[in-house]
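Just below is one structure, and these are the notes that go with it.
Chain identifiers are assigned alphabetically (A, B, ...) following the order of the sequence lines, protein sequences preceding nucleic acid strands; residue numbering begins at 1 within each chain. As a basis for the values below, the full set of heavy atoms in this structure was taken, side chains included, without hydrogen atoms, waters or symmetry mates.
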Number of protein chains: 2
Amino acid sequence: LITLSGIEKVFLTDELETHALSDVHLVIERGDYVAIEGPSGSGKTTLLSILGLLDAPSRGRHVMGGREVQGLDARERARIRNRDIGFIFQTFNLIGDLTVAENVELPLRYRDVPAAERRRRVDSALERVQMAHRKGHMPSQLSGGQQQRVAVARAVAGDPAILFADEPTGALDSKTGDAVMDLIGELHARGTTVCMVTHSREYARRAHRAIHLFDGRVVEDVARSVA
Amino acid sequence: LITLSGIEKVFLTDELETHALSDVHLVIERGDYVAIEGPSGSGKTTLLSILGLLDAPSRGRHVMGGREVQGLDARERARIRNRDIGFIFQTFNLIGDLTVAENVELPLRYRDVPAAERRRRVDSALERVQMAHRKGHMPSQLSGGQQQRVAVARAVAGDPAILFADEPTGALDSKTGDAVMDLIGELHARGTTVCMVTHSREYARRAHRAIHLFDGRVVEDVARSVA
Ligand SMILES: Nc1ncnc2c1ncn2[C@@H]1O[C@H](COP(=O)(O)OP(=O)(O)OP(=O)(O)O)[C@@H](O)[C@H]1O
Ligand SMILES: Nc1ncnc2c1ncn2[C@@H]1O[C@H](COP(=O)(O)OP(=O)(O)OP(=O)(O)O)[C@@H](O)[C@H]1O
Ligand SMILES: [Mg+2]
Ligand SMILES: [Mg+2]
């Protein structure tokens, strides 16, 4: 489904070059459940942003569904993202001027889903993260963990083919974190490809494969035998 | 050092009242090391904001250093905060237009610390969180965990009498999280009063006392016998 070959990502600031990713090779098959782990600053978010078409590599080849995508313009990347990809951001990135329900609904508007079906899916996604009772509120009126749960609901409401999750339980207590991980597990069981960055060893074990980053490089790529 | 009696915090939105805190009683002595735990949305950040003089309660009495503070105006609260309090925010709250070093330096400018001493403390604090090599960069150029570490450095650089930390390791891998917790432990050993919100059971155990919140109320207040 997804292939990265020789991927480099360099950020330039004044005269300093930050090599966020170096020589990354990665293959993700349809239906995979992959965890990306590694120390702070090792390139996990950068890698996920490239995989999720939010950012382009500085060098290298990126193939998705048989098609080369690293050279696509912003509009074409956005089209593929809106159609096939769900993304849970490390810093949530909810839109401050929209209510909780409007935030969750936004990806569905890009998919020509009729209004009644949109409302049904928004309510259902918010129920799954126990945030339906706050759907008329603004993000600034929510706690950190509540905002994260709304970000989760937004990513799953569109039933995406591929879900990218950047630390989806970072701000959650263990009970609420388990509920989010169960939801992600269900999506995977129904056929969604899942690629998740996590600092939690315990949650990383739910994935079927773990990729370890260190200093912008892949240092380990292990499949686990799943019970 | 700090006493809360009958503290209430109510947020009003349209016609809905959210009771973020109800009937909270709490005593924190000088030199205490307190963990605040509880589910997402249970009132931890709200409680910490009141304790840290960032917010005022809707009702109840708040005494600090023998002085009643719930009725103080914003300017007087800011004066006490800048002088005595270090605060690590759940969402970091770094200032986007300032460099990493300028962000860490900001509290020191409010304390009439001379320029050479400010620079020394900024460098020392950044060294402790392994972020000295990025001191000329902007927050937007940092990873989530790097931003969090800068927020930690900013809170400790001023050697505050009281440190409030809202999930100081939320975005960190275990090795980097341990380093931050060791730093906080050292401050405590040197006399700083520490009050920390955390979702990590393991890190909560480093505190000498645990306060559990549920639905805006204190449901447990346990001192542990420390080894
Ligand atoms: N400005 C606001 N307006 C309305 N409700 C608010 C506001 N700020 C917080 N709340 C509500 O008050 C309650 C407590 O929020 P708080 O941020 O203290 O929770 P928390 O325990 O820190 O949660 P988390 O673990 O998710 O960070 C939540 O239900 C939250 O939605
Ligand atoms: N816009 C940018 N300009 C310069 N450097 C950047 C930029 N964005 C990211 N970086 C750097 O690239 C490296 C990788 O960042 P990335 O956000 O991918 O790390 P991460 O593994 O997600 O870390 P964390 O666990 O802390 O979230 C870091 O050193 C970071 O500072
Ligand atoms: Mg990251
Ligand atoms: Mg909070």
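- B:R149 approaches A:S40 most closely through the heavy-atom pair NH2-OG, 2.8 Å.
- For chain A, the option among B:L172, B:T45, B:T91, B:L142 with the highest count of heavy-atom pairs below 4.5 Å is B:L172.
- Taking all atoms of both residues into account, the shortest heavy-atom contact from B:R201 to A:S174 is NH2-OG, 4.5 Å.
- Across B:G145 and A:Q90, no two heavy atoms sit closer than the pair N-NE2, 4.3 Å.
- With a threshold of 4.5 angstrom between heavy atoms, A:S42 does not approach chain B through any atom at all.
- Note that NE2 of B:H199 and NZ of A:K175 are 12.5 Å apart. Values are rounded to the nearest 0.5 Å.
- For A:D97, the CG atom counts as loosely surrounded, since its 6.0 Å shell holds 12 or fewer non-hydrogen atoms of other residues, nucleotides or ligands.
- Neither the backbone nor the side chain of B:T169 comes within contact range of chain A; no heavy atoms are under 4.5 Å apart.
- Residues of residues 131-141 of chain B placed with any heavy atom under 4.5 Å of a heavy atom in chain A are listed by number as B:R134, B:H137, B:Q141.
- Contact annotation for A:S143: only side-chain heavy atoms (C-beta onward) come within less than 4.5 Å of a heavy atom of chain B.
- Pairing each heavy atom of A:G38 with each of B:D173, the nearest pair is O-CB, 4.1 Å.
- Your options are A:A20, A:G43, A:A171, and the one with the most heavy-atom pairs under 4.5 Å with chain B is A:A171.
- Counting only residues at least two apart or in different chains, salt bridge (Lys or Arg N to Asp or Glu O under 4.0 Å) contacts with residues 210-221 of chain B comprise B:R209-B:D221.
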